[in-house]
2 protein chains.
Amino acid sequence: MTKPVTRTRIQRKNIALISEAALSVFSTYGFRGSTVDQIAREANLSKPNLLYYFPSKEAIHGHLLSTLMETWLAPLQDMKDDGEPLEEILTYMRRKLQMSRDHPRESRLFANEIVQGAPRIIEMLETELKDLVDEKAKVIEGWMDDGRLAKSDPYHLIFSIWSLTQHYADFDVQVRAVLGPENDDPFPAAERYLTTLFTRLLAP
Amino acid sequence: MTKPVTRTRIQRKNIALISEAALSVFSTYGFRGSTVDQIAREANLSKPNLLYYFPSKEAIHGHLLSTLMETWLAPLQDMKDDGEPLEEILTYMRRKLQMSRDHPRESRLFANEIVQGAPRIIEMLETELKDLVDEKAKVIEGWMDDGRLAKSDPYHLIFSIWSLTQHYADFDVQVRAVLGPENDDPFPAAERYLTTLFTRLLAP
DNA sequence: ATTCCTTTTGACCTTTTGGTCAAAGCGGAG
DNA sequence: CTCCGCTTTGACCAAAAGGTCAAAAGGAAT
């Protein structure tokens, strides 16, 4: 009934090719603004050939999103109860910022989906993501209650890490336009600024 | 040669109707993901009737964007050299947060445009916006040099105000999914959190 | 009531889009 | 070398998309 688990060399290559191309296209134009032809062209495949590997445009998009979610949640999952609180949070922030630098298309794919109402992942947000954030918010609150971090709202603290770090991927063109051409890589300054920000906010 | 400046009552009504509808549609699906039919339906007009007021889909979108930019830059323009520094910045932050609450569609229209590479406003970002930010960054830097604000990067400070406040409009569904249905209005807590954040970051 | 300008619409056109299908090409196990 | 299943493609289709146009309908000043 289900498809064979073992993929041929060609299948692996083409699925990877399509995923790459689809990531570029979907992250730039959103789901409805992207076309199958465009993805096929970007992948150097004919449209029917692409549709031989994925049954529909929806399927490609869904494949990307579910692959992405794991990568996306990993840094927060790795924030552990038993470290030095401020260091744990700064490390989380830095890993998220790293992802904005190294995987801006993934960040924009996600941003497009959320901005447009998250029709395809709203359920995941309300279950997996909410559960994870609830858990980590408790950890953070524990640190604050123990006086190891200055008090503030743990949920909005997490939101602020998301928004500040993802901004450098999602709004990249704006950041670069404002900083001007002489300042070619905004990330080092961003990391210094965000380190200062969270240190002053959270140092007990 | 140019169109008459005086608009009839009907023109004013229909242009307003179309702008409203187009704002809803474009902010949800982005430029390429939106259709003229959809906007016409939302505005309760026939498609040819809509195209009687705007020559093309591009024209509607352009009209919205240029109207929006003025509203969008106003709060930063209003940040004045002669106030109490921390208060000026907190007021700016609060006005931006207010805009996320009261005009989320405008924020998402803007976000869609930027995330998708800002093809239609990149020039404005590199001139008007950059000039304005350069000017205000100088003001902020002056405050820091005078010891009236703690030092940090003024450009990234402005970016952080943008990202933190717009997050509550652009990523609204995610914020609500994570906070759960019992917490229906995230804005009061957001304002308290952001006030604390910027106070701790900037208080001299 | 007539006129003239504004507004509205049904029918239509072309291009683009997501998707199908039968047939041709290919590659490696026997 | 010869199958046989995997891969690729040209041709095609129906629906949706942006946009046009001529003609009908409205409305207000005379």
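Note that this is a predicted model, so its numbers are computed, not measured.
For B:Asp37 and C:dC12, the CG to P distance is 17 Å, given to the nearest whole Å. The CG-P distance, from A:Leu17 to D:dT7, rounds to 14 Å in whole Å. Taking atom NZ of B:Lys47 as the reference point, atom P of C:dC12 lies 15 Å away to the nearest angstrom. Counting to the nearest Å, the C1' atom of C:dT15 and the CD atom of A:Gln38 are 16 Å from each other. Rounded to a whole Å, the CG atom of A:Leu45 is 16 Å from the P atom of C:dG18. A straight line from CD1 of A:Ile15 to P of D:dT8 spans 11 Å, rounded to a whole angstrom. Between the C1' atom of D:dC21 and the CG atom of B:Leu51 lies a distance of 12 Å, rounded to the nearest Å.
Using the six-membered ring where Trp is involved, B:Phe31 and B:Phe26 have ring planes that are parallel, under 30° apart on the 30 and 60° scheme. The aromatic rings of A:Phe159 and A:Trp162 are tilted relative to each other, their planes meeting at an angle between 30° and 60°.
Between A:Tyr52 and C:dC21 there is no side-chain polar atom (N or O) within less than 4.0 angstrom of OP1 or OP2. OP1 or OP2 of C:dT7 sits under 4.0 Å from a side-chain N or O of B:Thr8. Residue A:Asn14 has no polar side-chain atom (N or O) positioned under 4.0 Å from OP1 or OP2 of D:dC6. One finds a side-chain N or O of A:Gln11 lying less than 4.0 angstrom from the OP1 or OP2 phosphate oxygen of D:dT7.
Considering only heavy atoms from C-beta on, B:Ile114 comes within 4.5 Å of B:Ile121 through its side chain.
Judged by distance alone, the side chain of B:Glu88 and the main-chain N or O of B:Met79 form no donor-acceptor pair under 3.5 Å.
At a cut-off of 3.5 angstrom, the base of C:dG19 holds no donor-acceptor pair with the side chain of A:Lys57.
In this structure, B:Lys130 pairs ionically with B:Asp134, as a charged nitrogen and a carboxylate oxygen lie closer than 4.0 Å.
Sequence order on DNA chain D of the closest nucleotides to B:Pro48 and B:Ile10 puts B:Pro48 first from the 5' end. Remark on DNA chain D: of its neighbouring residues A:Leu50 and A:Arg32, the 5'-side contact belongs to A:Leu50, judged by nearest-heavy-atom nucleotide. Checking A:Arg41 against B:Arg9, the closest nucleotide of DNA chain C that is more toward the 5' end is the one next to B:Arg9.
The A:Ser56 side chain lies nearest to C:dG19 when the options are C:dG19, D:dT7, D:dG10. The side chain of A:Tyr53 lies closest to D:dT7 when the candidates are D:dG18, D:dT7, C:dT9. Set against D:dG19, D:dG10, D:dT8, the side chain of A:Asn49 has D:dT8 as its closest nucleotide.
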